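The structure displayed is predicted, hence computed values, not measured ones.
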Amino acid sequence: MSVSSEKQQPVEPTELTRPGAKELINRLPRSSWRERSFAYWAERQLCANDPWWRPLSSAVVGVSTCTMSLFHMLGFRKVVAEDLHKLTDIIEGPRDRPVITIANHESTMDDPTMWGLMPRRMRWNPDYTRWTLGAQELLYKNPPLNAFFALGQTIPTIRGDGIYQLAVEIGIQRLRENKWLHIFPEGKVNQDEAIGRFKWGVGRLIMESERVPIVLPIFFTGMKGIMPLSQKVPVPRPNPFKSTLFLKVGDEIDFTAQIEEWKNARAKLSSDKDKNRLDELVRIAIVDRLWASLDKLKDESTASIARGALD
């Protein structure tokens with residue numbers, strides 16, 4: 001049984017009819033000042049090479065991660081990051097491929113909370129900071145927030161808009177530049193015990209990266225206890241005497257052979273219908289592998305906690 005999302009594209013675009021990022025940005029509405037602000041920051045994110053971008057982005061990511069580090073110290077009894085070096089060694093080291101990390105999604109505060117665990121030496125460098133996809137309706141509400149989240153390297157995503165939306169196109173552009181892209185492939189907060197179904201967008205990102213990305217799973221837990229979905233006001237309420245955080249980085253998931261096999265098979269097809277069907281099957285296979293890897297990491301993390309990692 002597939003664990004990928006069952007929702008499919010109503011019409012699968014062909015390579016010739018599929019709009020690129022610039023065309024999608026040009027189509028954005030600009031009738032109000034809010035819409036113009038959103039379109040402006042979407043265009044800036046696509047390039048991210050303005051002279052002022054790097055210092056302002058550095059300030060936003062640096063202040064954010066340092067604030068979350070303080071949040072860890074003051075709000076939690078214990079914080080554990082197992083095998084974080086598997087990620088930091090890759091991000092800081094020389095590499096000729098992009099990086100994709102995936103994680104489960106316990107709360108709307110997961111992203112900043114996770115990266116507050118990164119070493120101090122990495123916090124003020126945008127090159128060592130993830131790009132990520134975040135819900136547009138929650139984050140990009142007005143011009144100040146548009147600027148903050150854009151500079152914080154959070155790409156606005158419209159949930160339910162499919163795998164050919166602007167956010168995925170910008171994500172592919174970041175991968176072409178060998179950047180680090182973080183994804184919550186469940187696509188929404190999930191506080192159930194079982195990891196939810198994965199969306200197909202992460203499959204497309206892996207498949208259409210110019211160089212096969214380094215893919216790492218991350219399991220993260222501790223936030224659903226302090227930000228339950230049942231609370232009316234979504235504010236974290238940690239108990240510094242009881243609350244704990246746990247993060248574990250898994251081993252690389254190597255998609256090199258799978259991507260090569262897909263490209264070879266696709267080259268033998270002539271019709272767009274056959275190519276689209278093959279692409280769909282490979283996306284499903286990829287997200288199923290991702291889900292299985294994260295589920296295995298969840299079991300390893302549960303065992304580590306049971307052995308006293310958070311005592």
Side-chain angles (χ1 to χ4, degrees), residues 5 7-64 98 100 105 108-109 111-112 126-127 129-185 187-189 199-205 208-210 234 276:
S5 175
K7 186 172 182 179
Q8 301 182 20
Q9 303 295 312
V11 178
E12 186 86 0
T14 68
E15 292 172 281
L16 294 177
T17 61
R18 185 188 308 162
K22 289 184 178 180
E23 183 177 345
L24 290 172
I25 290 174
N26 290 335
R27 294 179 183 180
L28 291 173
R30 290 173 169 81
S31 57
S32 70
W33 59 282
R34 290 181 179 178
E35 291 174 343
R36 288 192 293 273
S37 167
F38 179 82
Y40 172 82
W41 285 108
E43 191 171 11
R44 299 277 67 76
Q45 273 199 332
L46 179 61
C47 301
N49 60 1
D50 293 294
W52 47 264
W53 178 275
R54 186 176 179 83
L56 290 182
S57 181
S58 177
V60 170
V61 300
V63 170
S64 300
I100 292 179
H105 201 6
T108 54
M109 285 284 289
D111 182 76
D127 292 335
T129 302
R130 94 290 171 263
W131 284 80
T132 191
L133 277 61
Q136 178 178 320
E137 75 275 13
L138 297 178
L139 306 180
Y140 283 75
K141 292 184 175 182
N142 54 56
L145 288 178
N146 293 351
F148 177 81
F149 286 109
L151 291 166
Q153 303 186 168
T154 302
I155 304 168
T157 308
I158 300 176
R159 290 185 284 193
D161 224 27
I163 66 173
Y164 296 105
Q165 62 172 292
L166 178 59
V168 180
E169 299 296 339
I170 295 177
I172 290 173
Q173 178 62 32
R174 295 286 81 81
L175 295 176
R176 291 189 185 121
E177 299 164 359
N178 286 349
K179 300 296 185 181
W180 166 24
L181 186 65
H182 179 73
I183 306 290
F184 294 104
K188 63 180 181 179
V189 172
K199 304 297 183 181
W200 288 358
V202 66
R204 185 186 170 212
L205 288 164
E208 298 195 18
S209 175
E210 290 182 354
N276 287 340

_Nearest non-hydrogen partners of Ile163 and Gly201, listed with the distance_ = CG2-N, 3.5 Å
*Specify the closest pair of heavy atoms between Val168 and Arg204, including all atoms of both residues, with the distance to one decimal.*
CG1-NH1, 3.5 Å
*Could I get the full list of side-chain contact (heavy atoms from CB on, under 4.5 Å) partners for Arg30, not counting sequence neighbours?*
Ile25, Leu28, Arg36, Ala39
_Going by salt bridge (Lys or Arg N to Asp or Glu O under 4.0 Å), name the residues that satisfy it together with Glu43, two or more places apart in sequence or in a different chain._
none
Could you list the donor-acceptor pairs under 3.5 angstrom formed between side-chain atoms of residues 146-153 and any protein atom two or more places apart in sequence or on another chain?
| unit_1 | atom_1 | unit_2 | atom_2 | d |
| --- | --- | --- | --- | --- |
| Asn146 | ND2 | Ser37 | OG | 3.0 |
| Asn146 | ND2 | Asn142 | O | 3.4 |
| Gln153 | OE1 | Ser57 | OG | 3.4 |
| Gln153 | NE2 | Thr129 | O | 3.2 |
| Gln153 | NE2 | Arg130 | O | 3.2 |

*Go through Trp180 and Arg174 one step at a time and tell me if the side-chain contact (heavy atoms from CB on, under 4.5 Å) criterion holds.*
CA-CA 8 Å; Trp180 166 24; Arg174 295 286 81 81; over 6 Å; no
*asked:* Looking at every heavy atom in both Ala167 and Ile155, which two are closest together, and how far apart are they?
replied: CA-CG2, 3.7 Å
*Without swapping roles, check the side chain of Ser64 against the backbone of Val60 for a donor-acceptor pair under 3.5 Å.*
yes
*side-chain contact (heavy atoms from CB on, under 4.5 Å) between Leu139 and Leu145: does it pass, once the steps are laid out?*
CA-CA 7 Å; Leu139 306 180; Leu145 288 178; over 6 Å; no
*Any idea which heavy atoms bring Glu35 and Pro29 closest together, and the distance?*
CB-O, 3.2 Å
*OG1 of Thr157 to CG of Leu138: how many Å apart, nearest 0.5 Å?*
10.5 Å
*Not counting sequence neighbours, which residues clear side-chain contact (heavy atoms from CB on, under 4.5 Å) with Gln173? List them please.*
Leu46, Arg176, Glu177
*From CD (Glu210) to CD1 (Ile172), nearest 0.5 Å*: 10.0 Å
*Which pair of heavy atoms, one from Leu205 and one from Leu175, lies closest together, and at what distance?*
O-CD1, 3.5 Å
_Smallest separation among heavy atoms of Gly187 and Lys199, with atom names_ = CA-CG, 4.2 Å
*Which pairs count as ring pair (Phe, Tyr, Trp, His ring centres under 6.0 Å) when at least one residue sits in residues 18-51, sequence neighbours excluded?*
Phe38-Tyr140, Trp41-Trp52
*Assess whether side-chain contact (heavy atoms from CB on, under 4.5 Å) is satisfied between Glu169 and Leu24, documenting all intermediate values.*
CA-CA 9 Å; Glu169 299 296 339; Leu24 290 172; 3.8 Å; yes
_Strictly distance-based, threshold 3.5 Å: is any side-chain N or O of Thr132 a donor or acceptor partner for the main-chain N or O of His182?_
yes
*asked:* Using the salt bridge (Lys or Arg N to Asp or Glu O under 4.0 Å) criterion, which residues pair with Arg159? Sequence neighbours excluded.
replied: Glu137
*Distance (rounded to the nearest 0.5 Å) between Leu133 CG and Phe184 CZ*: 10.5 Å
